[in-house]
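See below for the structure under consideration.
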Amino acid sequence: MFSEVKFPVPWGHVAAKAWGPPEGHPVLCLHGWLDNANTFDRLIPLLPRDCQYVAMDFSGHGLSSHRPAGSPYHFLDYVSDVRRVAAALRWRRFTLMGHSMGGSVAGMFAFIYPEMVDKLILLENLGFLLAPEDTEAWLKSKRLAIDRLLSLEAKQQAPKAHSPEAALQRLLEANRHLTVEGGAILLQRGATETPTGLVYNRDMRVRTQSREYLTVEQCVKLLQKIKDRVLIILAQDGLLVPHKLESRNQFVKSLREAFEHTLKEDIQLVEVPGSHFVHLNEPEVVSGIISNFLTAQNRARL
């Protein structure tokens, strides 16, 4: 069983779901881009029951408030969402578990607030966002984010309503790694029923977010700030397996080597069968690995 929670913020609230005893070891769970807290619905019930799990919806996602009109979504805004929720929960030190974009947010939070994180669990993510290879590509990405935001504001279109079947189909078409069951679980929190049909809850401005890109050299330096243990789980048919990445293959290879060289015995990197949403589609594939990591003592080999 879980409970719904809302944390007040200046522009509204951050919504979340909580499982487990309040006195349990705190674990904050962070979903991926355009997803929501329901991405952990099938995984958390399989994890140690003596932990307290809080899965939050980032601003503009799920049941959380959208940011004020005229405000873009910056990557660091999601990091500040995490800091606000931790403050509201009065958590001084906790475990972070993030999937996809949520893993990048978790990684950045661990670098900025290393004293607050005891363990870091990255699902289909290496904790960083890859920087474009050249300056012109970087500038183009920033220009595109601004232009897309202004274009959305100019159109001022009302959210479109879809039948339940159409809404699910659109979600599955945009996420080829999702199963029908997984998509339905995300849609339960990702859309609201109206008289004309289902309307997606997400803020369309989320698609225009400005990201914080890092080079491999910056990543290596940041890794030295980590004071916690790290578990990285990559799916064999996911988005980050090196042999499936052509343009980013060298980056992923270099970053994995940097993780292992810098953190040494404090990192566990595992490849499992499955897709990008393996934690939602087939949670039993990763639940045992995560459970062992959560129960293991810090600074001890698994």
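- With sequence neighbours excluded, the residues forming a ring-ring contact (aromatic ring centres under 6.0 Å, His included) with Trp19 are Phe2, listed by chain and number.
- Geometrically, Arg83 engages Tyr113 in a cation-pi contact, judged by NZ or CZ lying under 6.0 Å from the ring centre and within 45° of the ring axis.
- Evaluation of the ring-ring contact (aromatic ring centres under 6.0 Å, His included) rule for Tyr53 yields no partner, not counting sequence neighbours.
- The list of ring pair (Phe, Tyr, Trp, His ring centres under 6.0 Å) pairs with a residue in residues 139-161, not counting sequence neighbours, is empty.
- Residues forming a side-chain hydrogen bond (donor to acceptor under 3.5 Å, both in side chains) with His279 (at least two apart in sequence, or on another chain): Thr39.
- With sequence neighbours left out, the side chain to side chain contact (heavy atoms under 4.5 Å, CB included) criterion links Pro10 to Arg84.
- In this structure, the side-chain hydrogen bond (donor to acceptor under 3.5 Å, both in side chains) partners of Asn281, at least two apart in sequence or on a different chain, are Thr179, Ser275.
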Practice task
Quick one: do Asp81 and Arg67 satisfy salt bridge (Lys or Arg N to Asp or Glu O under 4.0 Å)? Show the steps, please.
Solution key: CA-CA 11 Å; Asp81 283 349; Arg67 292 194 176 271; 3.0 Å; yes
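- A donor-acceptor pair shorter than 3.5 Å can be found between the side chains of His276 and Ser100.
- The environment of Arg148 atom CZ is sparse: at most 12 non-hydrogen atoms of other residues, nucleotides or ligands sit within 6.0 angstrom.
- The side chain to side chain donor-acceptor pair (under 3.5 Å) test with Thr95 is passed by exactly one of Lys119, Arg229, His25: His25.
- Residues Val82 and Met56 form a side-chain contact, since some pair of their non-hydrogen atoms from C-beta on lies under 4.5 Å apart.
- Residues that satisfy the side-chain hydrogen bond (donor to acceptor under 3.5 Å, both in side chains) test with Thr208, not counting sequence neighbours, are absent from this structure.
- Contact check for Leu280 versus Ile185: side-chain heavy atoms found under the 4.5 Å cut-off.
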Handout entry: From CA spacing to verdict: side-chain contact (heavy atoms from CB on, under 4.5 Å), Glu282, Phe277
Key = CA-CA 8 Å; Glu282 301 168 293; Phe277 283 89; over 6 Å; no
Exercise for the section: Could you walk me through whether His66 and Ser59 pass the side chain to side chain donor-acceptor pair (under 3.5 Å) test, one step at a time? Expected result: CA-CA 6 Å; His66 296 185; Ser59 297; over 6 Å; no
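- Every residue two or more places apart in sequence or in another chain that forms a side-chain hydrogen bond (donor to acceptor under 3.5 Å, both in side chains) with Asn125 is listed here: Ser104.
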Practice task
Check the pair Asn201 / Leu63 against side-chain contact (heavy atoms from CB on, under 4.5 Å), numbers first and verdict last.
Solution key: CA-CA 7 Å; Asn201 293 336; Leu63 301 181; 3.7 Å; yes
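- Legend: residues meeting ring-ring contact (aromatic ring centres under 6.0 Å, His included) with Phe94, ordered by chain and number and at least two apart, are Trp91, Phe109.
- No salt bridge links Asp147 with Lys140; every basic N to acidic carboxylate O contact stays at or beyond 4.0 Å.
- Comment: Arg143 does not engage Glu136 in a salt bridge, judged by the lack of any side-chain N to carboxylate O separation of less than 4.0 angstrom.
- His61 has its ring centre less than 6.0 Å from the ring centre of His31.
- Taking the side chain to side chain contact (heavy atoms under 4.5 Å, CB included) definition, one finds that Val270 meets it with Leu231, Gln268, Val272, Ile289, sequence neighbours left out.
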Exercise for the section: Apply side-chain contact (heavy atoms from CB on, under 4.5 Å) to the pair Asp57 and Val14, showing each step before the final yes or no. Expected result: CA-CA 6 Å; Asp57 293 328; Val14 170; 5.6 Å; no
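- Looking at Ile44 and Cys29, their side chains come closer than 4.5 Å, going by heavy atoms from C-beta outward.
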Practice task
Take Tyr73 and Leu149 through the test side-chain contact (heavy atoms from CB on, under 4.5 Å) and record every step on the way to the result.
Solution key: CA-CA 9 Å; Tyr73 284 79; Leu149 175 63; over 6 Å; no
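- In this structure, Glu193 places its CD atom where only 12 or fewer heavy-atom neighbours from other residues, nucleotides or ligands lie under 6.0 Å away.
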For residues 164-174, which side-chain donor-acceptor pairs fall under 3.5 Å, sequence neighbours excluded?
{"unit_1": "Gln169", "atom_1": "NE2", "unit_2": "Glu173", "atom_2": "OE2", "d": "3.2"}

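- Ring-centre distance between Phe40 and His99: not below the 6.0 Å cut-off.
- Sorted by first and then second residue, the salt bridge (charged side-chain N to carboxylate O under 4.0 Å, His left out) pairs involving residues 15-25 (not counting sequence neighbours) are Lys17-Asp41.
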